[in-house]
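In what follows, a structure is listed as structure tokens, so that the remarks can point back to it.
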Amino acid sequence: CNPTIRLESGDKPLEINLNIKHEIRIKVEKDVEDILSDDDLF
Amino acid sequence: ANLDSAKAEGLIGEKSNGYLGLVVNNAPSDVRRLVDDVNAKRKQKYQEVANSRNIDLSKVELIAGKKAIEKTQSGHYIEVNGRWVKK
Amino acid sequence: RLQKKPGKLINNLTLNHTNQLSLNTSLNGQWAFNTSTADEAIQLAGSIKSSDNSITLSGTKLSDIMLKLIWQAPSSSENNQDLIQDNPINEDSFSPWNKFQLILSADLDYQGLDQQQHQFSSDFWLSDPIKIKQLTLDSKLLDGSLSLQSLKQYKPLNQVSGTLNVNHISLKKISRIMDKPELAMTGFLNGDLPFHFKDGYLNFEKGLLSSENGVIEYLPQGKKIELTQETVSNIANITLQNFHYRVMNANLISGGPCGFDFKIRLEGHNPDIGKNSHQVFNINYQPQSNVNLFYLLLLGKENIKKLDQTLLHSGCVNNN
């Protein structure tokens, strides 16, 4: 089995750097545009 | 008949609910069939977008209607407040 | 002194721009004209007040709106001070209509999740360009408040700047509004957000928001992952599963209509992985959007889709 690890850091804290991009895209417009750019439908 | 010629002749136009509509009531039967056929295909596509975005079909239709009217070239018909108007 | 009798000006004004904006209001008010000497400008005092009405912007309803426009008969000192400071000889400053104070207050049921009260006021000078001063905002929302007092002197709209003070804003409510079920936060934000206008858009720079002694639970898989030999590479996510922070500092490097650049520092520990362990996060959080974030914030994800194209993407062309 996998023993769970305990993190008992001494004086120095564990420093973690993270980059979070987070794209906020409101998509409906694009999907609808695609439908309406089909010559058989528009 | 095809979409562009039917629109150019002012037989059909874009409605605010995202579907095609007959501008004249004596439109030839092939134009009527075309409108029914295109509307059915559009509805199916709108439903797919509604499902993937988990929003109501009516919302997608509303946005499509706005888009279609925006995209309509001048001289073709669009439905404004329930009446057909040449853009 | 010519006195105009107070009375109903316009009984009911219904403005229906498109399906996105509808405003119905009743306006009433009164004026007193004061023309004591021939050469002196007409001095005007009075107000238009409208209440018990509503504004619906693309589905988001503001209710109990109180809109008030007030013309003060300028006291001789205040008037001259403006004249001298801006432009002594200018016919604008003599017409009575072009200087007034606008007060707008409204209650907002924000997406059914937060009852808010907003009060905005500003002095307007309808010169060319339009100038404003004494800009104030006082908003009660998210268990806390936003406030602003800015602009002692008249400034053209595109040079408006100030500092928004943030007080006791609940992170728990923010996470509910963000509707990201995998992320739950607690704690209260306080701080200052300096802002300025750049080509017509609100921009923030060098702001700082901080919170103390809260908890962040980030569970992307909806359940906790055990820290084992295999999962240790995922230490960041594991630590954030139940992170008790002592200090959270969110430095807002810059922010505009379509994106923000935050440098967030968290100090604390995750009790599940070590009683007296101590972890520090340096998070570079840069949300980017293809739609105007202020409209998204005001209207929410559903209603913003009804906004027309130009407004929806205003300021965000490059992110499209």
Side-chain angles (χ1 to χ4, degrees), chain A, chain C residues 178 180 218 225-232 235-240 243 258-260 262-293 295-297 299 301-302 304-309 312-313 316 319-320:
Chain A
C1 77
N2 304 323
T4 42
I5 303 171
R6 309 304 292 161
L7 253 183
E8 306 298 355
S9 55
D11 45 11
K12 203 161 164 321
L14 169 67
E15 188 117 2
I16 302 172
N17 298 321
L18 275 179
N19 280 316
I20 305 175
K21 268 274 172 257
H22 189 188
E23 266 291 324
I24 304 166
R25 293 191 65 77
I26 300 293
K27 285 275 287 174
V28 162
E29 300 286 342
K30 191 137 180 352
D31 308 355
V32 164
E33 265 156 20
D34 297 345
I35 296 171
L36 293 177
S37 45
D38 170 347
D39 291 343
D40 300 335
L41 297 181
F42 182 78
Chain C
M178 280 166 69
K180 276 200 174 305
Y218 178 56
I225 315 163
E226 276 299 315
L227 179 61
T228 65
Q229 295 291 14
E230 279 67 34
T231 62
V232 76
I235 185 73
N237 277 349
I238 290 172
T239 309
L240 281 175
F243 190 70
C258 312
F260 281 79
F262 279 102
K263 297 274 182 294
I264 302 170
R265 182 169 172 92
L266 292 167
E267 290 171 17
H269 77 293
N270 178 333
D272 305 344
I273 57 175
K275 282 283 164 300
N276 45 45
S277 62
H278 177 198
Q279 291 99 29
V280 168
F281 277 90
N282 296 311
I283 301 174
N284 201 344
Y285 176 55
Q286 293 165 321
Q288 290 296 327
S289 166
N290 68 333
V291 293
N292 185 306
L293 287 172
Y295 283 118
L296 183 59
L297 210 58
L299 304 172
K301 242 191 324 214
E302 277 325 302
I304 194 170
K305 291 170 188 160
K306 298 184 197 134
L307 215 51
D308 64 52
Q309 200 61 24
L312 180 67
H313 297 291
C316 309
N319 298 12
N320 234 330

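To find a chain, count down the sequence lines: A is the first, B the second, and so on, and within it residues start at 1.
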Can you tell me how far the [atom1] atom of [X] sits from the [atom2] atom of [Y], to the nearest 0.5 Å?
X         : Y         : atom1 : atom2 : answer
Glu23(A)  : Gln288(C) : CD    : CD    : 6.5 Å
Lys180(C) : Tyr218(C) : NZ    : OH    : 8.0 Å
Gln279(C) : Leu240(C) : CD    : CG    : 9.5 Å
Leu14(A)  : Phe281(C) : CG    : CZ    : 7.5 Å

Residue from Ile235(C), Val280(C), Leu293(C), Val232(C) scoring the most non-hydrogen pairs under 4.5 Å with chain A is Val280(C)
Assert top hit (heavy-atom pairs under 4.5 Å, partner chain A, pool Asn282(C), Thr231(C), Asp272(C), Val291(C)) equals Asn282(C)
Heavy-atom contact with chain A under 4.5 Å, split by part of [X]:
X         : answer
Leu266(C) : neither
Lys263(C) : neither
Ile264(C) : neither

- Task: Check for a donor-acceptor pair, side chain of Asn270(C) on one end and backbone N or O of Thr239(C) on the other, with a separation under 3.5 Å.
- Result: yes
